[in-house]
Peer 1: 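Structure provided below as structure tokens; questions to follow.
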Amino acid sequence: MLDHRLIRDDVALLRDAMTRREKLDVYGPLIDEAVSLDRERRQSITRVEERKAERNRVTQEVGKRKKAGEDATELQAQARAIGDEIANLEAQLTVTQERLDELLLGIPNLPLADVPAGDESHNVVLRTWGTPRAAESVAPHWDVGERLGLFDLPRGAKVSGSGFIVYRGAGARLVRNLMTLMLDLHTTEFGYEELWVPVVVNRATMTGTGQLPKFAEDMYALEEEGLFLIPTAEVPITNLYRDEILGADELPKAMCAYSPCFRREAGSAGKDTRGLLRVHEFDKVELVRYCAPEDGEAQLELLLSHAEAVLQRLGLPYRVVLLAAGDTGFASAKTYDLEVFAPGVGKWLEVSSCSLFTEFQGRRANIRFRPAPGEKPRFVHTLNASGLAFPRIIAAILEHYQQPDGSVLLPEALQRIHGKDRLG
RNA sequence: GGACAGGUGGCCGAGUGGUUGAAGGCACCGGUCUCGAAAACCGGCAUACCGGCAACGGUAUCGUGAGUUCGAAUCUCACCCUGUCCGCCA
């Protein structure tokens, strides 16, 4: 959520940000409406509070008179009349307030100055690590997986539906190995606290990180309970300190967790639907950081390096992409994507998104810190990164490490954990 | 799921209808004292919003939401959460 003050004091900045996202046509009218509602709201508040102050005066006088044994019926009638007036004014104010909140919760974050303007065609490949393998004679991962019995797509579809994967044998073991590899790396080498979090969360939590109210249709919901399946562990982890005030010595805070992730992928039918590329449930290790506002950009670079380290340990060629404003997520101010090369499908696959949310989530979730004893609390800045998403990593491993004999050599870092040097 | 008990400021804890934003204590900050520190003593110490250049003024907040009342931390109802016991269960 954006600061109310932007609506009041710097609409130009807001409009410029939406222009860079190429969304001014969508958000321009909403911003205009918010500006006028904000004005209306403040006038209403002033009026209501004047009346309340008046009622408080009268009411206290009633108390005094009663205590003195005097009659107060006239004052009581007066207070009642004021009370009715307040009820009316407040009803109006509530309508204004609710609409304004709805608008403010629906406006995306402001991209940082160094984020290129425009849609995804303006994304910038910053660097490439490793050498992508030539695509000739490399089978796509779904062929390899089926042949080696690593996963069972038809039966996944039978028990759940298309886009739900059953891993089997060495494939299932590989999932568990990836979890171990990533969590061990982040906790022992990079100082993250390991968490194990619920995958079902409530509405307030989903609102805190920005999934609600705008993206309800992307999520699986448990209607009866008013609960939702998480699309990423970012949601429960970032919300851990919702409505709390941290000490300055607790920042930066670094937490990580494995979790399954659930996405309806509504509206993406037909896109990358084969194999493991786009599924409704997948596994991921997620990294989350909180920091002081002035540290955000440095923390993002650090976070990016932690996500990259996983790919380097796995020996998978990848590239780092700085997303243009129009491709940057709703809550994010700046995002780097990590894309791994899968020679079997001949594509760069997004396996991590590393984002700085500035105070957008901190404000929504009311996560603050006190810079120094006695000082006013400020919103923390939040960051997160996938570190990393499993299915596309598995796809990349099956394709990049394919051997002429049909087996798949495992990256050294996985061999130790897996107990064998290859699949098949 | 059933029966009780309970949810008050960073923490502990008073407070059952009228200057109670809320006693007291701890923690924290500033000061006195001290060579220094501790102790002791003095003072300060919530958050958000509205108005104001500011000083400051106002409003709201005692789990959440409704209600009763001139007036609610205090009374009523619903819900949420925590604890204990019972039942069920991986």
Peer 1: Quick one: look up who rG57(B) pairs with, Watson-Crick or G-U, both distances under 3.5 Å, and put none if it's unpaired.
Peer 2: rC50(B)

Peer 1: Identify all pairs in which a protein N or O lies below 3.5 Å from an N or O of nucleotides 45-48 of chain B, and state each distance.
Peer 2:
from, atom 1, to, atom 2, distance (Å)
rU47(B), OP1, Arg370(A), NH1, 3.4
rU47(B), O3', Arg368(A), NH1, 3.1
rA48(B), OP1, Arg368(A), NH1, 3.4
rA48(B), OP2, Lys376(A), NZ, 3.4

Peer 1: Could you tell me whether the phosphate oxygens of rC50(B), OP1 or OP2, come under 4.0 Å of any side-chain nitrogen or oxygen in Arg39(A)?
Peer 2: no

Peer 1: Inspect the contact between Arg264(A) and Glu281(A) and indicate whether a charged nitrogen and a carboxylate oxygen are less than 4.0 angstrom apart.
Peer 2: no

Peer 1: By the definition side-chain contact (heavy atoms from CB on, under 4.5 Å), identify the one residue from Asp38(A), Leu100(A), Leu37(A) that meets it with Ile7(A).
Peer 2: Asp38(A)

Peer 1: Please answer whether the main-chain N or O of Val340(A) pairs with a side-chain N or O of Arg392(A) as donor and acceptor at a distance below 3.5 Å.
Peer 2: no

Peer 1: Would you mind pulling out the nucleotide paired to rC62(B), Watson-Crick or G-U wobble, both distances under 3.5 Å?
Peer 2: none

Peer 1: Only pairs with both distances under 3.5 Å count, Watson-Crick or wobble alike; so what is the partner of rC33(B) in this structure?
Peer 2: none

Peer 1: Tell me the partner of rG67(B), counting only Watson-Crick (N1-N3 plus N6-O4 or O6-N4) or G-U wobble (N1-O2 and O6-N3) with both under 3.5 Å; none if nothing fits.
Peer 2: rC75(B)

Peer 1: Does rA14(B) have a Watson-Crick or wobble mate here (both distances under 3.5 Å), and if so which one?
Peer 2: none

Peer 1: In terms of side-chain heavy atoms, does Asn88(A) have a donor or acceptor partner in Gln92(A) at a distance below 3.5 Å?
Peer 2: no

Peer 1: Would you indicate, yes or no, if rC49(B) has its OP1 or OP2 atom less than 4.0 angstrom from a side-chain nitrogen or oxygen of Arg42(A)?
Peer 2: no

Peer 1: Could you list, one pair per line, each protein nitrogen or oxygen that sits under 3.5 Å from a nitrogen or oxygen of nucleotides 15-23 of chain B, together with the distance?
Peer 2:
from, atom 1, to, atom 2, distance (Å)
rG18(B), N2, Thr59(A), O, 3.0

Peer 1: Looking at Asp327(A) and Leu323(A), would you say the former's side chain and the latter's main chain have a donor-acceptor pair under 3.5 Å?
Peer 2: no

Peer 1: Look for any protein N or O under 3.5 Å of an N or O in nucleotides 59-63 of chain B and output each such pair with its distance, or none.
Peer 2:
from, atom 1, to, atom 2, distance (Å)
rU59(B), OP1, Asn56(A), ND2, 3.2

Peer 1: Please give the nucleotide sitting opposite rU19(B) as a Watson-Crick or G-U wobble pair, both distances under 3.5 Å, or none.
Peer 2: none

Peer 1: Answer yes when Lys52(A) and Glu49(A) have at least one side-chain N-carboxylate O distance shorter than 4.0 Å, and no when they do not.
Peer 2: no

Peer 1: Check step by step if side-chain contact (heavy atoms from CB on, under 4.5 Å) holds for Glu286(A) and Val288(A).
Peer 2: CA-CA 7 Å; Glu286(A) 183 75 2; Val288(A) 171; 4.3 Å; yes

Peer 1: Just call it for Leu75(A): base, sugar-phosphate, or nothing, with non-hydrogen atoms closer than 4.0 Å on any strand.
Peer 2: nothing

Peer 1: Hey, does the side chain of Asn109(A) reach the backbone of Ala331(A) with a donor-acceptor pair shorter than 3.5 angstrom?
Peer 2: yes

Peer 1: Work out how far the C1' atom of rA46(B) is from that of rG10(B), and round it to whole angstrom.
Peer 2: 9 Å

Peer 1: Counting only Watson-Crick or G-U wobble pairs whose two distances fall under 3.5 Å, which nucleotide matches rG87(B)?
Peer 2: none

Peer 1: Using atom P of each nucleotide, how far apart are rA60(B) and rA5(B) to the nearest Å?
Peer 2: 33 Å

Peer 1: Both distances below 3.5 Å, Watson-Crick or wobble geometry, any strand: find the nucleotide opposite rA5(B).
Peer 2: rU82(B)

